[in-house]
**Student:** 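Sharing a structure here in structure tokens format.
Keep in mind that what you see is a predicted model, and the values were worked out from it rather than measured. Proteins get letters first, then strands, A, B, ... in listed order; numbering begins at 1 in each.
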Amino acid sequence: SAVISQKPSRDICQRGTSLTIQCQVDSQVTMMFWYRQQPGQSLTLIATANQGSEATYESGFVIDKFPISRPNLTFSTLTVSNMSPEDSSIYLCSVEEDRGYEQYFGPGTRLTVT
Amino acid sequence: GDSVTQMEGPVTLSEEAFLTINCTYTATGYPSLFWYVQYPGEGLQLLLKATKADDKGSNKGFEATYRKETTSFHLEKGSVQVSDSAVYFCALSPIRGAQKLVFGQGTRLTINP
């Protein structure tokens with residue numbers, strides 16, 4: 001299975017600032033996904049990121065708040081903009097390997113907004 | 001829309017007990033079904049999967065059978081260990097390939113020695 005890394009692993013940020021989270025995969029994949037896991041909650045999909053096209057956002061998530069880049073088949077970034085304490089969550093990227101339909105997850109970025 | 005409902009936790013068992021975590025789903029068509037596990041301080045790991053009716057997924061002593069007639073995918077293990085303590089998530093992918101995962105709310109399992 002793909003090996004996925006995320007940076008940073010955790011951060012504490014001030015209200016009103018922005019944080020960019022990086023996701024790196026050790027193999028080329030078509031589909032990458034960004035999820036949010038709020039404290040004690042399940043995972044919710046933020047957006048799907050295809051290389052070479054605009055990300056597709058789920059209901060309740062907008063590009064101005066969560067801009068995503070996907071410059072190549074092994075890398076993506078998610079920015080959490082103009083943060084508020086409600087954005088405190090774990091943010092996870094995942095990939096779907098082209099040979100199948102299983103998704104594999106990165107270790108997550110634990111974000112705390114004060 | 002598609003949804004997954006899991007047995008509410010937390011669940012606490014003694015070592016070597018039998019485990020069942022219930023999972024039912026609502027979906028149009030024929031989804032793929034998954035169990036993911038999140039060990040303390042770690043990321044989400046795929047535990048097992050099933051892609052069509054009557055398929056049985058298995059891994060690390062855990063099993064789950066895709067039951068289309070009851071729209072269920074219950075997770076079972078015959079004899080749990082302390083190391084199985086984790087949060088377990090049931091999930092579905094609405095159609096095969098390149099689709100988002102819809103997760104249940106998660107069930108926290110604690111195994112006491």
**Student:** Could you tell me which portion of E58(A) (side chain, backbone, both or neither) has an atom closer than 4.5 angstrom to a non-hydrogen atom of chain B?
**Tutor:** side chain

**Student:** For the pair T77(A) and S69(A), evaluate side-chain hydrogen bond (donor to acceptor under 3.5 Å, both in side chains) and give the outcome as yes or no after the intermediate values.
**Tutor:** CA-CA 5 Å; T77(A) 68; S69(A) 78; 2.6 Å; yes

**Student:** If you look only at pairs with a residue in residues 80-94 of chain A, which of them pass as a salt bridge (Lys or Arg N to Asp or Glu O under 4.0 Å), with sequence neighbours excluded?
**Tutor:**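 Checked against salt bridge (Lys or Arg N to Asp or Glu O under 4.0 Å) - neighbours excluded - the pairs reaching residues 80-94 of chain A are K65(A)-D87(A).
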
**Student:** Taking the six-membered ring for Trp, are Y88(B) and F62(B) ring centroids under 6.0 Å apart?
**Tutor:** yes

**Student:** Identify which part of L44(B) has an atom lying under 4.5 Å from any heavy atom of chain A, answering side chain, backbone, both or neither.
**Tutor:**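 For L44(B), backbone and side chain are both near chain A.
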
**Student:** Checking L43(A) against chain B: side chain, backbone, both or neither under 4.5 Å from a heavy atom?
**Tutor:**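 When you check distances to chain B, atoms from both the backbone and side chain of L43(A) fall under 4.5 Å.
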
**Student:** Looking at chain A, which one of Q45(B), Q105(B), E42(B) has the largest number of heavy-atom pairs inside 4.5 Å, strictly under?
**Tutor:**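 Looking at each of Q45(B), Q105(B), E42(B) in turn, Q105(B) comes out on top.
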
**Student:** Listing request: all salt bridge (Lys or Arg N to Asp or Glu O under 4.0 Å) pairs with a residue in residues 1-11 of chain A, at least two apart in sequence or in separate chains.
**Tutor:**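 For residues 1-11 of chain A, and leaving out neighbouring residues, there are no salt bridge (Lys or Arg N to Asp or Glu O under 4.0 Å) pairs at all.
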
